[in-house]
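Input: a single structure, listed below in structure tokens.
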There are 2 protein chains.
Amino acid sequence: MVTATNNVTKRERDCLVLIGEKSDSRFPMRLHEIAENMRVSAPTAFSVVKRLMFKGLADSRDGMIMLTESGIETTKRILMVHRTYESLFCQSGVSEDVACLEASDIDFILPIENAKLVLKRIDSPSNCPHGKPISTVQ
Amino acid sequence: MVTATNNVTKRERDCLVLIGEKSDSRFPMRLHEIAENMRVSAPTAFSVVKRLMFKGLADSRDGMIMLTESGIETTKRILMVHRTYESLFCQSGVSEDVACLEASDIDFILPIENAKLVLKRIDSPSNCPHGKPISTVQ
DNA sequence: ACCATACGTTAGTATCATTCTAATGTTATT
DNA sequence: AATAACATTAGAATGATACTAACGTATGGT
């Protein structure tokens, strides 16, 4: 059975992955950092973060923004899917940069169940082209 | 070099593929048919078709809607990408129906150049799981 | 204590895709 | 001529995305 896709848009996905990769509990992100990284104005970043908070994926305290448990899980799923298709693209002969970009366009759309199957089909690499682990957890 | 992605939204993609598969020069589609197939009201279908016309992908004459040359090309590219990923999913163990649905979610986003490479990586099947040809033309 | 700087937040606006219902044309068939 | 079938326009709503300008708040230096 295929689980419903992550209910996030591309921008929300970008924001989620950004926070997931650039922060941890000791160093949460500031709104300005997010805005700069996403190359949008602070109010725009703020509205994306607000949507993430509304969806229970992010949380903010004293201007520090961090992911919730649910947000961390969602991000992990997105990254697993990302690295799977990124690996497929690279194995096919696409450059690392392009592979990463294209994977980013679909990793929040495609369900993790199928990514797991695809991963097997492409000989179960344990790391993405950048060397990051393709965790099969969850 | 990677060509810019087809500049269409999901709805426009659905409409494009619908017209591309259900019509030909002798039997163009009526708006009502499109609306029924897309399960939206006639005005909604109309607005999608209008956007396709604005983008130079469709044309209408006497209420008959058909694709332009550019629309036919775009649809072909989308279908090639569709069938490639559909094949990948099926080879990986995903059911035909699910494979088709998921392929529909990404076939208008991913460029044909990379689909061609992926197709080779998955042993160059010449037909999609439904038996339709994966044309490598264009 | 005061001011400036840095930052978050709100207000207001705009665009685009998507959707609907209700109303209005238009055409063709009876 | 009337009706039916269809296309089209009008009007409205929502949600994502984006901006600038303004406002609030807190911190650090003078």
Side-chain angles (χ1 to χ4, degrees), chain A residues 4-19 22-23 27-67 71 74-75 78 101 104-109, chain B residues 4-19 22-23 27-67 71 74-75 78 101 104-109:
Chain A
T5 335
N6 309 302
N7 235 4
V8 291
T9 64
K10 176 76 163 90
R11 267 317 198 195
E12 287 163 7
R13 175 260 177 226
D14 288 343
C15 192
L16 221 38
V17 171
L18 177 69
I19 302 175
K22 288 225 174 178
S23 77
F27 300 104
M29 282 192 95
R30 310 303 310 263
L31 187 69
H32 255 80
E33 243 180 306
I34 294 174
E36 270 163 38
N37 271 278
M38 294 180 70
R39 293 158 191 276
V40 294
S41 66
T44 296
F46 189 62
S47 88
V48 176
V49 169
K50 266 196 298 188
R51 285 203 306 277
L52 290 181
M53 292 193 295
F54 181 75
K55 292 178 180 182
L57 301 170
D59 210 357
S60 101
R61 204 190 311 267
D62 307 316
M64 300 299 196
I65 294 145
M66 63 194 81
L67 300 182
T74 300
T75 306
I78 289 173
L101 275 177
S104 304
D105 284 336
I106 59 170
D107 57 16
F108 63 104
I109 297 173
Chain B
T5 335
N6 309 302
N7 235 5
V8 291
T9 63
K10 176 76 163 87
R11 267 317 197 196
E12 288 162 7
R13 175 259 177 227
D14 289 344
C15 192
L16 221 37
V17 170
L18 177 69
I19 302 175
K22 288 228 175 177
S23 77
F27 300 104
M29 283 192 93
R30 311 302 310 264
L31 187 69
H32 254 80
E33 244 180 304
I34 294 174
E36 269 163 38
N37 271 279
M38 294 181 70
R39 293 157 192 276
V40 294
S41 66
T44 296
F46 189 63
S47 88
V48 176
V49 169
K50 267 195 298 186
R51 286 201 307 275
L52 289 181
M53 293 194 293
F54 181 75
K55 292 179 180 181
L57 302 170
D59 210 357
S60 101
R61 206 190 309 269
D62 307 317
M64 300 300 196
I65 294 145
M66 62 194 81
L67 300 183
T74 301
T75 306
I78 289 173
L101 275 178
S104 305
D105 283 337
I106 60 171
D107 57 16
F108 63 104
I109 297 173

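Below, all heavy atoms of this structure are taken into account, side chains as well, without hydrogens, waters or symmetry copies. The chains referred to below are lettered A, B, ... by the order of the sequence lines, with proteins before strands, and numbering in each begins at 1.
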Inset, instruction - Kindly write out the residues that satisfy side-chain contact (heavy atoms from CB on, under 4.5 Å) with A:Ser60, not counting sequence neighbours, or none if the list is empty. - result: A:Met53, A:Ile65
Legend entry - Any A:Val17 side-chain heavy atom under 4.5 Å of A:Asp107 side chain: no
Inset, instruction - Could you check whether B:Ser41 gets within reach of a base, just the sugar-phosphate, or nothing at all, counting any heavy atom under 4.0 Å? - result: base
Which pairs, protein N/O on one side and nucleotides 6-15 of chain D N/O on the other, fall under 3.5 Å?
| residue | atom | partner | partner atom | Å |
| --- | --- | --- | --- | --- |
| D:dA7 | OP1 | B:Leu31 | N | 2.8 |
| D:dA7 | OP2 | B:His32 | N | 2.9 |
| D:dA7 | OP2 | B:His32 | ND1 | 2.4 |

Legend entry - For A:Lys10, all residues meeting side chain to side chain donor-acceptor pair (under 3.5 Å), sequence neighbours excluded: A:Asp14
Inset, instruction - Can you sort out the partners of A:Asp105 under side chain to side chain donor-acceptor pair (under 3.5 Å), two or more places apart, ordered by chain and number? - result: none
Legend entry - Closest contact, heavy atoms only, A:Phe108 versus A:Val8: CD1-O, 3.4 Å
Inset, instruction - Describe the nucleic acid contact of B:Val40 in one word from base, sugar-phosphate, nothing, applying a heavy-atom distance below 4.0 Å. - result: sugar-phosphate
Legend entry - By side-chain contact (heavy atoms from CB on, under 4.5 Å) - contacts of B:Thr9 (at least two apart): B:Arg11, B:Glu12, B:Arg51
Between side-chain atoms of residues 33-41 of chain A and protein atoms elsewhere (two or more places apart, or another chain), which donor-acceptor pairs fall under 3.5 Å?
| residue | atom | partner | partner atom | Å |
| --- | --- | --- | --- | --- |
| A:Glu33 | OE1 | A:Arg30 | N | 3.2 |
| A:Asn37 | OD1 | A:Lys22 | NZ | 3.2 |
| A:Asn37 | ND2 | A:Glu33 | O | 2.9 |
| A:Ser41 | OG | A:Thr44 | N | 3.4 |
| A:Ser41 | OG | A:Thr44 | OG1 | 3.0 |

Inset, instruction - Starting at atom NZ of B:Lys10, determine the distance to atom C1' of C:dC16, rounded to an integer number of angstrom. - result: 19 Å
Write down the protein N/O and nucleotide N/O pairs, taken from nucleotides 28-30 of chain C, whose separation is under 3.5 Å; answer none if there are no such pairs.
none

Inset, instruction - Could you tell me whether the phosphate oxygens of D:dA16, OP1 or OP2, come under 4.0 Å of any side-chain nitrogen or oxygen in A:Thr9? - result: no
Legend entry - A:Arg39 side chain near D:dA18 phosphate (N/O to OP1/OP2, under 4.0 Å): no
Legend entry - For B:Asp59, all residues meeting side chain to side chain donor-acceptor pair (under 3.5 Å), sequence neighbours excluded: none
